[in-house]
J.: 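Shown below is the structure under consideration.
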Number of protein chains: 2
Amino acid sequence: MGVSQIKVGITEPRTASQDSRDEILKAAMQLFANRGFHETSMSEVAREAHVSKALIFWHFKTKEELFVAVLNRLLEPYFIDFAEEAAAMDERQQIEKLVEAYLLFVRDNASSVRFFLAQMLHDQRLSEGLNEQVLKLYSGYRAMLVELITRVQQKNICALRTAPESAAAFLLSALNGLLIEYLFMGANAIDPEGAVAMVGEWLFGPSGTSSSEGGAPSA
Amino acid sequence: MGVSQIKVGITEPRTASQDSRDEILKAAMQLFANRGFHETSMSEVAREAHVSKALIFWHFKTKEELFVAVLNRLLEPYFIDFAEEAAAMDERQQIEKLVEAYLLFVRDNASSVRFFLAQMLHDQRLSEGLNEQVLKLYSGYRAMLVELITRVQQKNICALRTAPESAAAFLLSALNGLLIEYLFMGANAIDPEGAVAMVGEWLFGPSGTSSSEGGAPSA
DNA sequence: ACTGCGGCTAACCATTCGGTCAATGGCAAC
DNA sequence: GTTGCCATTGACCGAATGGTTAGCCGCAGT
């Protein structure tokens, strides 16, 4: 079939086994993402991966194991590398950067996000460890927001007087709302720059944006 | 559709057929709600409704038809009766009332909301008419918000200077975010009063709430 | 008494599901 | 060349799926 497995002797062997395993995972990821777990059959995965169904069961003992493998692979890029660039920014810029990163991530990983959402929506008990990881990520993000808002309030440059926890929760909710709006309504629903501006106005009152490195809107 | 033509004789005739149909719908609703469409089998519905599987197919031609029937029944209470009480309130109170109604509805109909969410998440093409209805409801709600914010801005009692459409979209997103937070995190996540206060502060600046007493924000 | 029909069911059907198994080709080691 | 392992496959399995069919039961109309 269409596989182009060119051996490049000098570098790592990259066995055919790994190749097929990879393609199975890739196909499964796609199918699970926009059809869900129960609606995706192993035969479909096999067909999409150009591989026999039996081979899937050779790589992964059960359907659940394949599923968990997909989940783990999806979770990999979910860690937003943030700390390094944040050091040079003031709090307001950090907050705005966080918001922007969240939305950009959602926009660029829509199918994965959709996947997790669908998964968490009804199969709460399957893949418990995974949910835990996602939750951890989530609350980490929230903690960063809380801290930033706290600092910003202490410095008195914040127009908002609500408790930081509530404010962060509200902001996070707004972001999540944008997320689901993006998933359900058309792809044009998410507008990171607009959202950042809105958050700025909400937190710091009506004023010019802090860091206007004005890039043209991409979408 | 949705006709409720109950003949009011002296006593309700209430044929056995209607009874069984009702119980099937009830069982199906419950199963669909927390297991999804594909994960729910007709045999399960039958067992849960204490009825033979064939009877289900006597009432409803296919599984999809049963599903749509359930959807329609779920959609009935979704129309927030709002206009009548709104007349007596000023714009700010109306906005706050809208927000509160949204959150209360979500809290009280969590399983239905979860159901619709899951449904819209992956099976976009199934039950297209339903999605249409939900969308209609949704954009109606949004339109009300837009109009209210517009008026409030014209009256100059609004601290926010963003375009009403953007503001409404942002507010709706925040509400949706609270929604999914409620669905995923514990039931304690939703706090209508706190949210209303927050929205008030966002739109009208830091001041005493218009109609409600200050409630301590819960975590 | 019989007929017709709405409500209901057990048994059945074809298909698909997750999963198994015996068998095979390729290839490195001996 | 043979051995042995890795990767891979088509054919197969029992269970469960959505859906059908033939027929039962009670009862109103005649």
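Lettering of chains follows the sequences in order, A, B, ..., and the numbering in each one begins at 1.
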J.: Can you name the residues that form a side chain to side chain donor-acceptor pair (under 3.5 Å) with B/E165, not counting sequence neighbours?
T.: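 Partners of B/E165 by the side chain to side chain donor-acceptor pair (under 3.5 Å) criterion come out as none, since no residue qualifies.
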J.: Who passes salt bridge (charged side-chain N to carboxylate O under 4.0 Å, His left out) against A/E44, sequence neighbours left out?
T.: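 A/R35.
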J.: I'd like a table of atom pairs between the protein and nucleotides 10-17 of chain D - only N or O on both sides, under 3.5 Å - with the distance next to each one.
T.:
residue, atom, partner, partner atom, Å
D/dT17, OP1, B/S41, OG, 3.4

J.: Can A/E100 and A/R107 be counted as an ion pair, charged N to O under 4.0 angstrom?
T.: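 Salt bridge flag = no for A/R107 with A/E100.
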J.: Can you measure B/E23 atom CD to C/dG7 atom P for me and round it to whole angstrom units?
T.: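 Interatomic distance, CD of B/E23 to P of C/dG7: 16 Å.
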J.: Sequence neighbours left out, what passes ring-ring contact (aromatic ring centres under 6.0 Å, His included) with A/F170? Give chain and number order.
T.: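 Residues passing ring-ring contact (aromatic ring centres under 6.0 Å, His included) with A/F170: A/W202.
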J.: List for me each residue that meets side chain to side chain contact (heavy atoms under 4.5 Å, CB included) alongside B/A49, sequence neighbours excluded, and say none if there are none.
T.: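 B/A49: side chain to side chain contact (heavy atoms under 4.5 Å, CB included) contacts with B/I24, B/A27, B/V51.
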J.: Calculate the interatomic distance between B/R21 atom CZ and C/dG6 atom P; express it in whole Å.
T.: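 The distance from CZ of B/R21 to P of C/dG6 comes to 16 Å, rounded to the nearest Å.
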J.: Nearest to the side chain of A/F57, heavy atoms from C-beta on, is which of C/dG6, C/dT20, D/dA7?
T.: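 For the A/F57 side chain, the nearest candidate turns out to be C/dT20.
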J.: To the nearest angstrom, how far is A/E65 atom CD from C/dG19 atom P?
T.: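 Value for this atom pair: 10 Å.
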J.: Is the terminal nitrogen or CZ of B/K63 (NZ for Lys, CZ for Arg) located under 6.0 angstrom from the six-membered ring centre of B/F37 and within 45° of that ring's axis?
T.: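 Yes, cation above the ring, under 6.0 Å and within 45°.
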J.: Output yes when at least one side-chain N/O atom of A/H59 is less than 4.0 Å from OP1 or OP2 of D/dT8, else no.
T.: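 Looking at the OP1 and OP2 atoms of D/dT8, one of them is under 4.0 Å from a side-chain N or O of A/H59.
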J.: A/H50 NE2 to D/dT8 C1': how many Å, rounded?
T.: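 My rounded result for the distance is 16 Å.
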J.: A/F37 has an atom CZ; how far is it from atom C1' of C/dC17, in whole Å?
T.: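 Answer to the nearest Å: 12 Å.
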J.: Which residues pass the salt bridge (charged side-chain N to carboxylate O under 4.0 Å, His left out) test with A/E147, not counting sequence neighbours?
T.: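 By the salt bridge (charged side-chain N to carboxylate O under 4.0 Å, His left out) rule, A/E147 matches A/R151.
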J.: Over how many whole Å does the gap from B/I56 atom CD1 to D/dT21 atom C1' extend?
T.: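 The distance from CD1 of B/I56 to C1' of D/dT21 comes to 17 Å, rounded to the nearest Å.
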J.: Of the candidate nucleotides D/dT8, C/dG19, D/dG19, which contains the atom at the shortest distance from the side chain of A/T62?
T.: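 Among D/dT8, C/dG19, D/dG19, the one nearest the side chain of A/T62 is C/dG19.
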J.: Whole-Å distance between C/dG6 P and B/D19 CG?
T.: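 Distance, rounded to whole Å: 18 Å.
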J.: Within this structure, what is the CG-to-P distance between B/L66 and D/dG19, rounded to whole angstrom?
T.: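 So the two atoms are 10 Å apart, to the nearest Å.
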J.: It should be established whether A/S20 places a side-chain nitrogen or oxygen under 4.0 Å from OP1 or OP2 of nucleotide D/dT8.
T.: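 Yes, such a contact exists.
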